[in-house]
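Proteins get letters first, then strands, A, B, ... in listed order; numbering begins at 1 in each.
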Amino acid sequence: MTSPADLSVVDPELSVEEARFNDLIAADSRIEPRDWMPDAYRKTLIRQISQHANSEIIGMQPESNWITRAPSLKRKAILMAKVQDEAGHGLYLYSAAQTLGITREEMTDQLIAGKARYSSIFNYTTPTWADMGAIGWLVDGAAICNQVPLCRASYGPYGRAMVRICKEESFHQRQGFEILLELMQGTEAQREMAQDAVNRWYWPSLMMFGPPDDESPNSAQSMAWNIKRFSNDELRQRFVGMLVPQAEVMGVTLPDPNLRFNEETGEYDMSEIDWTEFHEVLAGRGPANAERLRRRREAHEDGAWVREAAHEYARKQSERALAAAGAVA
Amino acid sequence: MSGADLDPHGDLHGDVSVDRLALTEELAGTAADGTTAVASPDAADYALRLGDDALVLAQQLGMWIARAPELEEDVALGNIALDLIGHARSLLHYAGTASGRSEDDLAYWRGEPEFRNAWLFEQPNGDFAHTIARQLAASAYLFELYSRLVDSSDPTLAAIAAKSVKEVDYHRDHATQWVLRLAGGTEESRRRMLLAIADTWPYVDELFVDDALVERLAATGVAVLPSSLRPAFDAVIDEVFAEAVLERPAGRTAFIASGGGREGRHTEHLGPLLAEMQVLARAHPGASW
């Protein structure tokens with residue numbers, strides 16, 4: 001195992017390299033896997049990309065919950081495609097993180113051991129079909145606001161993975177919007193279901209942007225490194241600005257009586273976010289933290305014999321190929 | 001606050017349109033204007049059998065998503081399930097033209113005795129080896145079926161088969177690769193694969209049983225006689241099993257061969273599967289989604 005720290009030996013000779021790194025960042029250019037980079041930059045990226053990958057993987061669960069019960073075949077197909085996209089995003093992101101010197105196994109083990117973080121939003125549960133709409137509209141909508149700027153993240157493999165991911169996320173958000181719109185145009189029970197889901201997901205989706213700027217310790221460095229482009233609060237404002245007209249089209253109410261556009265500041269005024277809840281869920285005390293991890297661990301453990309079989313089969317095949325080559329020679 | 005102010009480099013997805021989206025995929029076998037020819041009552045019954053096979057199998061494979069042995073399999077099994085849902089939608093849509101019922105009406109509002117899938121498709125996922133054994137039998141059968149159905153005298157069925165055959169070819173390859181890996185992997189994987197083949201194979205015979213409906217349809221070139229597919233199916237399976245050093249379970253199972261699924265008699269597994277699939281739709285009669 002190579003730990004990230006082993007890859008960049010700090011030595012006075014490298015000041016040239018460091019200067020080059022700084023120049024690349026200043027020119028808003030890309031850093032590539034073989035380029036020298038500061039340890040802290042590497043660690044920050046490994047943490048961020050692996051958390052992002054883990055979020056995609058854990059994020060499959062609340063939605064896969066409804067694949068078997070989707071209320072029409074079209075919805076079933078769209079939902080399957082969406083959850084499958086999320087597995088694909090996890091794969092691209094794990095690959096991007098691997099270019100920084102961590103293995104997929106290490107990241108998987110950290111996730112299963114409960115040592116790696118993933119987005120807290122997936123610790124909320126999906127009791128109704130309308131949650132599929134709310135996740136698409138609000139959770140994927142917030143993810144898009146967070147992720148579009150990451151397409152220009154200074155680390156090349158991450159930025160490129162994000163371009164692909166954002167294209168698919170944008171489709172996910174629109175299908176979520178369509179689910180809610182359909183419900184809002186449906187029966188009384190369907191409208192109630194949609195509003196209830198929006199009520200439950202609205203605040204957690206605003207929390208996805210992270211703590212307010214003055215309480216976000218890592219943000220400044222990430223912005224200096226061109227990993228992060230906009231502050232948490234800027235992105236949160238932007239998201240709310242996107243939601244308001246869409247909520248009007250659908251006829252759902254955003255559950256904040258104080259939400260209004262302030263002409264003077266040019267921003268939305270809103271109620272105080274309940275950060276206690278955020279920190280509780282982050283600390284593992286959300287509605288489904290334990291269940292999400294248990295399910296991932298079970299899938300991993302139940303599949304161990306399959307992965308071992310594939311590995312063993314591949315080993316035997318290459319042995320046979322070598323033996324055959326030897327026989328020919 | 002506009003996207004341009006925030007992001008001088010150009011923002012790919014800042015503006016999310018709220019237009020009503022057309023997410024309905026084109027159904028195979030429909031004309032450019034969205035219409036489908038009306039199926040004869042016999043062709044509708046036949047399409048229902050094929051559609052139910054695909055739907056029930058898709059429902060089963062959908063259960064693997066987020067539970068597969070590795071992420072690549074979440075993607076692969078999800079892909080296969082998606083293909084099958086596509087086949088089911090096209091086939092049920094066509095079946096419904098004879099009675100004025102929609103694909104969803106047929107999927108969600110028929111009871112268990114009205115389902116026409118063969119028993120193989122409703123057998124539970126079991127462990128990964130059981131799913132793969134079922135996939136091998138199902139995809140090898142579907143490949144032979146659709147390969148022949150592309151020449152159907154019914155243009156809608158021919159069009160659906162033409163689209164589906166390319167996909168089930170991939171499904172068959174996926175199943176074959178896993179049979180080889182599991183049979184030739186570790187001791188445990190081989191033990192599980194052998195057990196899965198033994199548990200699955202009694203359900204194979206039913207796929208190849210002819211009855212009055214398919215005989216009438218085959219006479220006019222609409223359907224393919226299931227019995228005529230058996231030699232090609234066996235040849236493919238023999239080849240896979242030879243490479244995997246497995247033996248095809250011998251002996252016929254009369255209770256299976258007598259067939260049940262095509263007449264609406266099912267094993268104990270279909271009821272719970274349908275109950276889960278239909279629960280939400282049935283809680284909201286008349287609702288659209």
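- Of the listed residues (Q84(A), M60(A), E86(A)), the one with the most heavy-atom contacts under 4.5 Å to chain B is Q84(A).
- For I179(A), no part lies under 4.5 angstrom from a heavy atom of chain B.
- A salt bridge links E312(A) with R315(A); the closest basic N to acidic carboxylate O contact falls under 4.0 Å.
- Proximity to chain A (any heavy atom under 4.5 Å) is restricted, for V279(B), to the side chain, taken from C-beta onward.
- Interface remark: of the candidates I57(A), T108(A), L73(A), L73(A) forms the most heavy-atom pairs closer than 4.5 Å to chain B.
- Both the backbone and the side chain of F128(B) come within contact range of chain A, each with at least one heavy atom under 4.5 Å from a heavy atom of that chain.
- Heavy-atom distances place the side chain of S64(A), and not its backbone, under 4.5 Å from chain B.
- L183(A) touches chain B through its side chain: at least one heavy atom from C-beta onward sits under 4.5 Å away, while N, CA, C and O do not.
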Where do Q60(B) and F121(B) land on the side chain to side chain contact (heavy atoms under 4.5 Å, CB included) test, with the steps shown first?
CA-CA 8 Å; Q60(B) 306 254 38; F121(B) 300 95; over 6 Å; no
I would like to know whether I160(B) and L91(B) meet side chain to side chain contact (heavy atoms under 4.5 Å, CB included); could you show each step before the answer?
CA-CA 7 Å; I160(B) 295 170; L91(B) 288 160; 4.0 Å; yes
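- In this structure, the portion of A107(B) lying under 4.5 Å from any heavy atom of chain A is its side chain and not its backbone.
- Under a cutoff of 6.0 Å and an axis angle of 45°, R192(B) and W305(A) form a cation-pi pair.
- Among residues at least two apart or in separate chains, there is no salt bridge (Lys or Arg N to Asp or Glu O under 4.0 Å) pair with a member in residues 292-306 of chain A.
- Chain B forms the most heavy-atom pairs under 4.5 Å with one residue out of A70(A), G303(A), P71(A), and that residue is P71(A).
- Between chain A and the options G62(B), G184(B), G78(B), heavy-atom pairs under 4.5 Å are most frequent for G184(B).
- Rounding to the nearest 0.5 Å places NE2 of H174(B) at 11.5 Å from CG of L136(B).
- Among A183(B), A66(B), A129(B), the residue making the largest number of heavy-atom pairs under 4.5 Å with chain A is A66(B).
- In plain terms, the two heavy atoms of T267(B) and E112(B) that are nearest each other are O-OE2, 3.9 Å.
- Annotation: maximal heavy-atom pairing with chain A below 4.5 Å, among S189(B), S102(B), A88(B), A281(B), occurs at S189(B).
- For a residue to count as touching a neighbouring chain, one of its non-hydrogen atoms must lie under 4.5 Å from one of that chain's; by this rule M193(A) touches chain B with the side chain only.
- A salt bridge links K82(A) with D140(A): the distance from a Lys NZ or Arg NE/NH1/NH2 to an Asp or Glu carboxylate oxygen falls below 4.0 Å.
- Ionic pairing of E103(B) and R89(B) is present here: one or more N-O contacts between side-chain nitrogen and carboxylate oxygen are shorter than 4.0 angstrom.
- Interface summary for chain B: among H300(A), R104(A), H311(A), Q61(A), the most heavy-atom pairs under 4.5 angstrom belong to R104(A).
- The contact between I85(B) and chain A is made entirely by side chain atoms (from C-beta outward), counting heavy-atom distances below 4.5 Å.
- A donor-acceptor contact closer than 3.5 angstrom links the side chains of H266(B) and E122(B).
- With chain A as the partner, the residue from L180(B), L55(B), D74(B) showing the most heavy-atom pairs under 4.5 Å is L180(B).
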